[in-house]
Each structure stands twice: as C-alpha cells, then as structure tokens.
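Bear in mind the structure is a predicted one, so any value in this text is a computation, not a measurement. Order of the sequence lines fixes the chain letters, A, B, ..., with proteins taken first and strands second; residue numbering starts at 1 for each chain.
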Protein chains: 2
Amino acid sequence: MSSTDDSASAPMTDEETASAGFSDDGKNTIGSQLASRLREAIISGELEAGSKINLDKARRTFNVSLSPLREGLARLISDGLVEFQDNRGYRVAPISLANLEEITTLREELEVFALRESMRLGDVEWESNIMRSLHRLNRTDRDASRPETLEQWEALHREFHLTLISGCGKPLLLHFCGLLLNLNDRYRRVFLIRTSGDRNVGQEHSEIAQGAVARDIEYASEKLRQHIHRTGTNLRNHLATKGIV
Amino acid sequence: MSSTDDSASAPMTDEETASAGFSDDGKNTIGSQLASRLREAIISGELEAGSKINLDKARRTFNVSLSPLREGLARLISDGLVEFQDNRGYRVAPISLANLEEITTLREELEVFALRESMRLGDVEWESNIMRSLHRLNRTDRDASRPETLEQWEALHREFHLTLISGCGKPLLLHFCGLLLNLNDRYRRVFLIRTSGDRNVGQEHSEIAQGAVARDIEYASEKLRQHIHRTGTNLRNHLATKGIV
DNA sequence: CATTGACAGATAATCGATTATTTTTAATAG
DNA sequence: CTATTAAAAATAATCGATTATCTGTCAATG
C-alpha cells in the first residue's frame with residue numbers, strides 16, 4: 001500500500017558512481033534494500049517457491065541483523081511473495097496451477113477494468129507515457145541467454161502494463177494490479193524462457209497501446225484481455241510440462 | 001496475504017478463564033496481538049486518520065518493545081490502514097472522499113464478481129454458512145449507544161459479507177475483498193452512527209442472501225451492488241457534512 | 001508395536017542499548 | 001527582517017544478546 005522502493009527502475013551501477021553520491025532516491029534503509037533483493041530473488045526463482053526461509057541462514061547470507069531482515073520480509077508479505085505464521089517463520093509463497101489461474105482471472109478482471117477507467121479518465125500525459133513505454137519495450141529484445149537482458153525486458157514490460165492503467169485515478173486499484181503483475185511475473189520468469197511461437201507479443205502490445213490512446217474502449221479492452229489470457233494459457237502449459245499441480 | 005490472526009471472532013474474556021489456559025487459537029506473538037489492537041484502534045477511530053504514529057510513544061502506550069511494535073505495524077501496512085516511509089516512520093492512513101469512492105467502486109466490482117463466482121461454484125456448505133451468518137447478523141441489534149454492541153454487529157456484518165463470497169474458490173480475490181471491507185468499515189465506524197432512515201439494511205442483507213442461495217445470479221448481484229452503493233452514498237453524505245475532502 | 005512424554009537442539013520472538021537520520025531550534029550573515 | 005547554516009533534540013533504524021517456542025529424537029509405557 002505504501003512502502004518506499006521501486007523494484008523496477010534505477011539504471012545505475014550498484015554503488016552510484018563517484019561524483020557526489022547523493023543517492024537519496026529511494027531504497028534507503030537496510031530493510032528496504034533487503035526487500036528489493038529478496039523480491040528479485042523470489043521473482044527470479046533464485047529462492048525456490050514454497051521453500052522455508054531460515055532467518056539465521058538468511059541473516060548470514062545477506063549480512064544483516066534480524067530487525068531489517070524481518071522488516072524486508074514483512075514487505076514481501078504485503079506483496080504476496082512470502083507467507084508467514086506466528087512462531088513458524090517465513091516461507092516463499094508456493095506456486096500452483098490454481099494460483100496461476102486465479103492470477104490470470106483477476107488480471108483479466110482488474111487490469112481490464114483499470115484500462116477502461118484509464119481510457120475514460122486519462123489525459124494527454126497518460127497517452128504520451130504509454131507511447132513512450134511501448135517504444136522502449138519494443139526496442140528491447142528479450143534474449144533468454146543473457147539474464148541481464150531478460151531482467152531489463154521484464155522491468156520494461158511491467159512498466160508498460162502499469163503505464164497502460166496509470167490513468168485510472170484509482171491508487172488502490174493500481175496497487176492490486178501491481179501485486180498481480182508481480183505474482184504473474186514470477187511464473188513467467190521461472191517457467192517461460194521462450195514465448196510461444198504463434199504469438200507476436202510486440203504486436204499485441206502495440207495493438208493494446210494504439211487502441212488505448214485512440215480511446216477505442218472495446219477494442220483495447222478485448223486486446224488486453226486476450227493478451228493476459230494467452231500469457232496465462234502459455235504459462236499453464238509450461239507448468240503442466242513440469243508436472244506442477 | 002497470510003498472517004496469523006482473526007480480528008473477527010473469539011467470544012471470550014480477555015484472559016481465557018482459569019481452567020487450563022490452552023489459548024493456542026491464534027494471535028500468539030506480541031506482534032500479532034499488537035496488530036489486532038492497533039487495527040481495532042484505527043478502525044474504531046481511536047487513532048485519528050492521517051495522524052503520525054510515534055514509535056516511542058506507542059511503545060510506552062502498549063508496553064512493548066520496538067521489534068513487536070514494528071512487526072504489528074507492518075501487518076497494518078498490508079491492510080492499507082497504515083502508511084510508511086523510510087526514516088520517516090508510520091502514520092495512520094488518511095481518509096478522503098476520493099478514497100471512500102474508490103473503495104466503494106472497487107467493492108462493487110470485486111465483491112460482486114466474487115459473489116457471482118460463489119454462486120457458480122459454491123457448495124451446500126457455502127449456502128448453509130450464508131444462512132447462519134445472516135441469521136446471527138439479523139438477530140443482533142446495532143445500538144449506537146453501547147460500543148460493545150456496535151463492535152459485535154460490525155464483526156457479524158463483516159463475517160456475513162465475507163461468507164457471501166467465500167464460495168468463490170479464489171483466495172487472492174477474498175484477500176482483496178477483505179482489505180476493502182476493512183477500509184470501508186473504518187469509514188462506517190468513524191462517521192456513521194445511524195443508518196439512513198430510508199434503508200432497511202436487514203432486509204437488504206436477507207434479499208442478497210436469499211438470492212445467492214437460490215443461485216439467482218442477476219438478482220443477487222444487483223442487490224449486493226445496490227447495497228454497497230447505498231452504503232457508499234450514505235457515507236459520502238456524512239463525510240460531506242463533516243467537511244472532508 | 002504403537003503411543004506418549006521428556007529432553008535437546010534448532011529456530012523464532014523479544015528486549016535494551018547503540019547508531020543513523022530527520023526535524024527543530026538558534027545563531028549569524030546578508 | 002529573511003534566508004542560511006550549525007548545533008541540538010527528537011525520532012527511526014539497527015545491532016547483539018536473551019528469552020520463548022517449536023521440532024525431532026528416543027526412551028518408557030501400555
């Protein structure tokens with residue numbers, strides 16, 4: 001709902017090159033930094049879904065004390081990426097077919113609704129942002145072999161989807177959509193190295209963006225719905241392949 | 001998303017009467033207990049919306065140490081009842097007309113969708129639970145003069161709404177609806193002492209429940225939508241009266 | 001042989017003190 | 001007087017140690 005951090009931005013070297021070192025742009029406290037690192041570790045699959053998070057081990061791994069560790073984990077609970085039980089500790093949120101299907105269904109409901117509201121309420125600024133996000137996304141290739149390219153694409157993709165619905169004027173709705181996007185991205189990053197051959201995702205994005213900017217509500221909504229649905233189907237097949245229930 | 005605690009149940013004296021004292025039903029850790037107490041304090045308006053939460057003061061008020069205090073606050077962030085900023089601390093989530101309207105809109109979208117899914121998927125157990133919740137709710141009077149009656153009614157009301165949609169088989173959706181219900185309840189408890197004269201809320205609840213159990217999808221959906229909408233309108237008027245923007 | 005209970009080790013929760021950051025106050029220059 | 005800056009006070013974040021809780025093991029019992 002609140003929290004301070006971005007998770008999808010900041011294109012700079014880890015330590016903020018020499019110069020003045022004025023890094024006061026976000027992720028300040030250790031807790032915040034940890035939240036980002038853990039989020040990335042979970043979404044990328046580095047931390048296995050469903051696995052237990054041992055506090056002592058994690059503390060040593062990340063070289064921090066308990067307090068900020070718990071702080072960071074608490075944020076990931078808000079994100080739905082970590083589960084918690086009193087006196088039993090934390091574990092990475094499990095994945096399942098049912099979970100994926102729910103995420104897809106809810107995205108179809110919420111994200112499409114948010115897009116409609118955006119088309120109803122968005123201003124020129126919103127339109128411009130869409131075109132910019134689209135361009136950046138389409139100019140970036142998703143090369144499975146290079147992880148940093150993949151991460152970059154994921155960040156831009158997320159950015160694009162959020163921008164699409166950013167004109168809706170509903171912070172809570174945007175928050176929910178952001179959560180769902182996060183959850184969905186984990187499935188993609190863990191399971192989907194290549195996109196299905198019969199899809200042209202760039203094309204899909206362009207159609208949605210064009211429709212949105214043109215305020216063609218029915219067209220854009222349907223294109224977005226299909227886009228989300230296809231991704232869901234695609235992912236489901238991959239899950240099935242790996243035998244996940 | 002996860003977290004251990006109920007917030008709407010446990011009808012027993014604070015200290016779990018003599019006998020064995022086997023209270024292992026929930027709210028165990030200090031952090032959990034704090035989360036409950038703080039949630040109640042915020043929803044009831046005891047902690048003013050928008051006000052800063054001073055950690056030291058809170059620590060002394062609740063007689064706890066920093067760690068569990070932060071733990072508890074972290075949960076309320078998930079609930080959208082508390083906002084947080086790095087190095088700036090916590091504050092009670094503010095209220096506004098726009099926020100109330102968004103909550104109402106999203107409830108109309110999400111709760112109605114969840115009800116439809118429940119009617120599509122719910123079993124007999126689900127139906128029975130609705131009738132039970134309805135009965136309990138309608139047998140409880142909401143007496144504004146006695147706070148404990150009010151609290152009791154609020155708990156049952158929340159329970160009823162959650163039960164209505166509990167058959168949808170979508171944990172995430174239920175989570176979202178629970179959040180919205182929470183946020184909405186705060187507005188009611190803070191601003192709405194009496195319900196508008198031209199409403200018979202008991203009747204409304206009965207109609208929704210009957211329609212749901214009869215699987216009359218259009219009827220029940222519309223009744224629920226109207227119910228939510230009326231509450232929203234009602235609350236908006238009260239906000240306006242108190243001059244809240 | 002299955003079940004229960006006590007122990008020990010592992011793990012989580014909490015505390016009190018310390019450190020880092022922000023906010024307020026006060027002093028000074030322009 | 002107003003704006004700027006430095007010091008002080010208030011507040012938040014973090015640490016290391018301590019306490020509480022849980023989990024698995026193994027022996028005793030029926």
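- Using a 4.0 Å heavy-atom distance criterion, L66(A) is classed as making no nucleic acid contact.
- Scanning residues 55-65 of chain A for heavy-atom distances under 4.0 Å to DNA chain D yields S65(A).
- In this structure, the OH atom of Y90(A) is 12 Å from the C1' atom of dT11(C), given to the nearest Å.
- Distances shorter than 4.0 Å separate some side-chain N or O of N87(A) from OP1 or OP2 on dC22(D).
- Of the listed nucleotides (dT14(C), dA12(D), dT11(C)), dT11(C) has the atom at the smallest distance from the side chain of K52(A).
- Between G31(A) and R88(A), the residue whose closest nucleotide on DNA chain D is further toward the 5' end is G31(A).
- Tested against I165(B), the residues L173(B), L174(B), I130(B) include a single side-chain contact (heavy atoms from CB on, under 4.5 Å) partner, L174(B).
- Looking at R75(A) and D86(B), a side-chain N of the basic residue comes within less than 4.0 Å of a carboxylate O on the acidic one, giving a salt bridge.
- Shown here are the side chain to side chain contact (heavy atoms under 4.5 Å, CB included) partners of L55(A), two or more places apart in sequence or in another chain: L66(A), L69(A), R70(A), L73(A), Y90(A).
- When the P atom of dA12(D) is taken as reference, atom CD of E71(B) falls 17 Å away, rounded to whole Å.
- If you check every strand for non-hydrogen atoms under 4.0 Å, L69(A) touches nothing.
- Of the candidate nucleotides dT14(C), dA12(C), dA12(D), dT14(C) has the atom lying nearest to any side-chain atom of P68(B).
- For N28(A) and dT22(C), the CG to P distance is 7 Å, given to the nearest whole Å.
- A side-chain N or O of R188(B) and one of H157(B) form a donor-acceptor pair less than 3.5 Å apart.
- Counting to the nearest Å, the C1' atom of dT23(C) and the CD atom of Q85(B) are 14 Å from each other.
- Residues E83(A) and V92(A) are not in side-chain contact: their nearest non-hydrogen atoms beyond the backbone lie 4.5 Å or more apart.
- Taking atom CD1 of I53(B) as the reference point, atom C1' of dA10(D) lies 17 Å away to the nearest angstrom.
- Atoms CZ (R91(B)) and P (dA12(D)) sit 10 Å apart, rounded to a whole Å.
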Side chain to side chain contact (heavy atoms under 4.5 Å, CB included) between D123(B) and E127(B), intermediate numbers included: CA-CA 7 Å; D123(B) 56 13; E127(B) 295 178 2; over 6 Å; no
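- A salt bridge links E40(B) and R189(B); the closest N-O separation between the charged side-chain nitrogens and carboxylate oxygens is under 4.0 Å.
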